Each structure stands twice: as C-alpha cells, then as structure tokens.
Protein chains: 2
Amino acid sequence: MDEQVPRDFETLRAAILDRRESLPKRIAQIAAYALDNPDDIAFGTAASIAASAGVQPSTLIRFAQQLGFDGFTSLQQVFRERLRERNSSYDERLQALRAKAEGGAGHRAIFDGFIAAASTSLNDISRTLDDAHLEDAISLLAKAQTIYVLAKRRSYPVASYIAYALGKLKIRNQLIESAAGLNAEMVGFATPADAVIAISFSPYAPATIEEARVIAEQGVPIVAITDSSFSPLAQFASVWFEVAEADFAGFRSLSATMALAMALTVGVGEKRRDASRKRKA
Amino acid sequence: MDEQVPRDFETLRAAILDRRESLPKRIAQIAAYALDNPDDIAFGTAASIAASAGVQPSTLIRFAQQLGFDGFTSLQQVFRERLRERNSSYDERLQALRAKAEGGAGHRAIFDGFIAAASTSLNDISRTLDDAHLEDAISLLAKAQTIYVLAKRRSYPVASYIAYALGKLKIRNQLIESAAGLNAEMVGFATPADAVIAISFSPYAPATIEEARVIAEQGVPIVAITDSSFSPLAQFASVWFEVAEADFAGFRSLSATMALAMALTVGVGEKRRDASRKRKA
DNA sequence: GGCAATATGAAATAATAATTCCAATCCATA
DNA sequence: TATGGATTGGAATTATTATTTCATATTGCC
C-alpha cells in the first residue's frame, strides 16, 4: 500500500486527527504540538521544535514518516505552504478576481472582488497611516465647538456614519447635505472655533471643493480625507490623510476611509472625556 | 556609529526605500526583489533566493549587512516574523487591541482596532456567505422595476452607498429616507413588481421594521441584510443574509455589509446587461 | 586613460541542521 | 515474570546551508 501523502494543511490536519488514537505517546505529543503551534513548525528547526514539544528530534522525524513524508523537511513544507497561502497578497488575488469577474464567472467572483478590494485597502492604510497626523487631527477636532462634516456622492456614506457616531457620542456636529439647497448658508455659520471633516476622492465633487474653499477662507480648520497630495482638498486642509482605496468593478471600497473616520470620531470622544475629567480634578 | 538594525518589517521596508538610491546595482536588485517577494525571503535558502533574484548568495549577505544585520539569517528572521504577525488571527489581535484601547493606549490603538474589526468582519462573511442566496437575491432584484432601499441609523450609510451605486449603473431606485416624514407614502408606492433591499442590525430601528412589514404585506419581495435568524427582518424577507459585523469601541464595522451590498448592486447591473443583450440577440 | 576604491562572482570553508543508527526502555502478552 | 516487539533517547553521521575569502571586474575621479 502506498501512503497518500498530505499535500495541503487541511488534509494533513485531518490525517493527524484521524490517527490520533493509534499514535504512540511521544508521537502523539508532537502531533498535538504541531496542530497547536503550526507556525512554530513552519519556521523552527527540527531541534528547536523538538525541544519546545519536549521530544527528541528523531521522534519528530518518525512522526513525519508515519504520515508518509520522507522526512521532517517535507512535512515542514506543508506548514510553510499554509502560511504562504493564507498570506498570499490580496493584491494578486484582486487582479485574478478582476479578470475572473470580467470573464463573467458568476456573482460570487464579484463578491470576492469586493472583499479583496476592502482587505487591500485596509492593509494599505494600516501601513501608511501617520500616527502624528492622527493625533493632530484628533486634537484639532476635539477643540471644535461644532464639527461640520462635508462629503458628497461616493464619500457621503462615510460622512453620514461620522455624523451618526458623533451624535451617539454627544458631540455637536452638522452634516452638510444638499437636500434643501441651503449648503451655502450652513457653511456660513462655521467659525474658527469650529472644525470640519471633509472627504473627497478623485474626481472631486465640485461642490465639496467649493464649500471647503469657502469654509477655509472663513478661517475654519479642516481635516481632510482624500486620495493624493494633488487633491484640491489637501491645500485647504490643516491636516490631511491620504487614503488609497482599491476599487473593483468601478466602485471604491470605503473600508479604509470608514476605519479612519471611526478612529477620528472615537478619538475625539476619548479626548473630550479625558479633558473634562482633567478639568474636574 | 552603531547601525539601527530594523527589528520589524515596516522599519526594514522604510530603511530599504530610504537607501534605494544609494545602493549598488546588484544590491538594489536584491532589495527590489525582497520587497516584491517577501514570502520568498521568508522561506527560501540564501542560494535559492539569490538564484531567483539573479544574484550571488554573497550579494544577498552583503545586502543584509548593509542594513545592519550580521548576516542573511537575521535578516530572514524579520521576514518570518512578518508572516507570523500577519497570520496571527485577527480575532486575537482584536481582543488585545480592545484591551489596549481601554487602557488608554493612544489613538493609534483605536485606529488599529477598527482595522482589525473590519478585517475580521470581512473574513467572516467571506467564509459564511451562501452563494445560492447571493444568486437568488440578485435574480430577484434584477427583475424589479424599482429597487427601494430601506435602512436607518447605523445602517443608513450602506443604504446611501447602494443608492449611489444603483444610480451610477442607471438602475431605478428609491432611497427611503426620513427627511420630510413622507416614508409611509413612499412605501405605499411599491408594488409586487418592485423589490426592496432592507438593512437592519440589532437593536433594530423600529421604523425600519415597521416599514418592512408594511411593504411585505403589499407583496413586494424583500432582500434583507441583518445579523441573525431571530431578526424581525428575516421573517419578512424572501432572501436574507446573516452578516456578523465585529464591533470596536461600540461602533460596528460596516465593511462586510458594504462588500455584500456592492456585490448585490453590481451583480444586478451585470444581470440586467446580460438580459438585455440576450433580448437583442 | 590610469589609479584607487568599490562592487561582484565563484569557490572554499565553516556552521548548522536533518537524518540515521543503535542501545536502552517500555509494554503487552503468554 | 519472562519474552518479543514496539518505542524512545542520544550520539554519530551525513547533508545542507550560510558565510568567508580572494580573484576579477566595474566605476568614479583626477
């Protein structure tokens, strides 16, 4: 009988679980360790793993052989492959998914595409966000009497969530929306004691830019979330964040922008709480 | 002068980018390769990596030394650590981050928390989404004359993005918002030839539930996005999706809901295009 | 164009790690 | 409790891999 050698982690896991009962003591010990600490198996040396698991290196090799591998090294490959898979950059997957969706491969492919776009955006922003900017923006907003929230079109959902969250946190805010065409007047009320969160991505909604310009001229500090240093918003802003949202099928993921927006909002809430606590003390 | 040895991947990356200009040709070559194929560095041997990058193993070691490491092995540790980090379940990180943010560990921790919550939600939905439900929902919506979009409060941002996207795709839609208090009338216009996308999470906004009930009684099919099978929305819906959004600091990530919403929207767009193409043929 | 400093390639060497082997131990069974 | 087979520990061996070295090539500078 020729042993079926597990080539992927799940098969391997199943194989181990399957024999669990019939394994000798020390082998069972290393088997349990392997399933509990797969990363260690992927990166460690036979000696280091054996030591951590409390067995001899030779036992580790016997374990591998029992499973049909010809040695520890080939067993380790499976554990490494697992990390590679799990980690294979979302960017590559996104490319593949775009092609697949173009080719008309069903609606699941579209869904996967949006998931991948969102994940990519989250990874990017998590890497590139500047902590100092975050602190600056939060300080600036925490001092404001009223926080105005300015965004149209595709950025509007973010603005509406910010307004909702600010409201929940009992932070005075005003969403600048267009329903009644009174934006200009609304904008006119803002003073340098207030602050603005403005969000706009290319192609920048002209109304957003115009209103940001006016409000900046009134001396109101602006925190901007936009997509490049060439953005017209960046020049009006006291602090601005560059957020590169991946898109799919023509629609931008908003996940990174949402996360940043929430961090700003909750950050302001915390800062205010700390400040009022300090005043009391 | 003692070189500051990068201990984590991001620092390393920054260090490489920083010197990019001043590196000799072959070293630059391996530097570029390292940033493009970090996984290969993590798992390969000096010889295999050198071969893939088209340089000598010794060059690889010189590269590591330039960066302040004492050899390839310690450079490789950083690349391995990165995989370990990235792979440690987001759930665990989320727990840790929550604790950290509670302890008042600065605003970056809050931001990281929202990122982790979003990632967790994306992972979850990607695992649990039922393809058949997705197909059903898209078919149902594609047949509708007008798509009504119903959501309040924290779900409202998703609804507004759906409405924006449907508009972009030239799909007739109506966002049921409360501005003028005419919701009841708006809801009254819907017929069985239309369809509804309704979104609500616990605690379910009473208005959403009530409007969904009315509209269901009129025989209008409903696609619901909600958070459990006990949701009152589920009972009115023809198709419903369970989306478990992780929360952080009291606010739900909307990333998974957004991704699903976009998949539905774009899916409907595609289905309509296919259908009209077929009619012409 | 010639010289020095720097960079590169290739092979030798050193270090490290995997595997094998054999003796000792354990365990089930008669 | 004696016996055979399976299991285990530990050191010896072998293989693999990182590192060093040195000769050669390239580059920048006078």
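Chain identifiers are assigned alphabetically (A, B, ...) following the order of the sequence lines, protein sequences preceding nucleic acid strands; residue numbering begins at 1 within each chain. Atoms considered below: every heavy atom in the structure, side chains included; atoms not considered: hydrogens, waters and symmetry mates. It should be emphasised that the depicted structure is a prediction, and the values quoted were computed from it without experimental measurement.
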Nearest-angstrom distance from the residue atom [atom1] of [X] to [atom2] of [N]:
{"X": "A:I49", "N": "C:dT19", "atom1": "CD1", "atom2": "P", "value": "11 Å"}
{"X": "B:I30", "N": "C:dA7", "atom1": "CD1", "atom2": "P", "value": "16 Å"}
{"X": "A:Q65", "N": "D:dA6", "atom1": "CD", "atom2": "C1'", "value": "15 Å"}
{"X": "B:F69", "N": "D:dA18", "atom1": "CZ", "atom2": "C1'", "value": "16 Å"}
{"X": "B:F63", "N": "C:dA7", "atom1": "CZ", "atom2": "P", "value": "14 Å"}
{"X": "A:D70", "N": "C:dT20", "atom1": "CG", "atom2": "C1'", "value": "14 Å"}
{"X": "B:I61", "N": "C:dA10", "atom1": "CD1", "atom2": "P", "value": "15 Å"}

(message) Just verifying a value: how many Å separate B:L12 CG and B:E81 CD, rounded to the nearest 0.5 Å?
(response)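 So the CG of B:L12 and the CD of B:E81 are separated by 13.0 Å.
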(message) What's the separation between atom CD1 in B:I115 and atom CG in A:L122, rounded to the nearest 0.5 Å?
(response)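 One finds 5.0 Å between CD1 of B:I115 and CG of A:L122.
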Can you pull every protein N or O that's under 3.5 Å from an N or O on nucleotides 7-17 of chain D?
{"unit_1": "D:dT8", "atom_1": "OP1", "unit_2": "A:K25", "atom_2": "N", "d": "3.2"}
{"unit_1": "D:dT8", "atom_1": "OP1", "unit_2": "A:R26", "atom_2": "N", "d": "2.7"}
{"unit_1": "D:dG9", "atom_1": "OP1", "unit_2": "A:R26", "atom_2": "NH1", "d": "2.2"}
{"unit_1": "D:dG9", "atom_1": "O6", "unit_2": "A:R62", "atom_2": "NH2", "d": "2.6"}
{"unit_1": "D:dG10", "atom_1": "OP2", "unit_2": "A:Q56", "atom_2": "NE2", "d": "2.6"}
{"unit_1": "D:dG10", "atom_1": "O6", "unit_2": "A:S58", "atom_2": "OG", "d": "3.1"}

Scan side-chain atoms only and decide if [X] and [Y] contain a donor-acceptor pair under the 3.5 Å cut-off.
{"X": "A:E242", "Y": "A:T128", "value": "no"}
{"X": "B:E135", "Y": "A:H107", "value": "yes"}
{"X": "A:Q65", "Y": "A:R62", "value": "no"}
{"X": "A:S231", "Y": "A:T226", "value": "yes"}

(request) Please round to 10 degrees the angle between the axis of the first five pairs and the axis of the last five pairs in the helix from C:dG1-D:dC30 to C:dA30-D:dT1. (result)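 Between the first-five-pair axis and the last-five-pair axis there is 20°.
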(request) Please determine if A:R82 and A:D39 form a salt bridge, counting it only when a charged side-chain N lies under 4.0 Å from a carboxylate O. (result)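 Here A:R82 pairs with A:D39 in a salt bridge, since their nearest N and O are under 4.0 Å apart.
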(request) Could you tell me whether a side-chain N or O of B:T59 sits under 3.5 Å from a main-chain N or O of B:V55, the two making a donor and an acceptor? (result)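 Not a single qualifying donor-acceptor pair exists.
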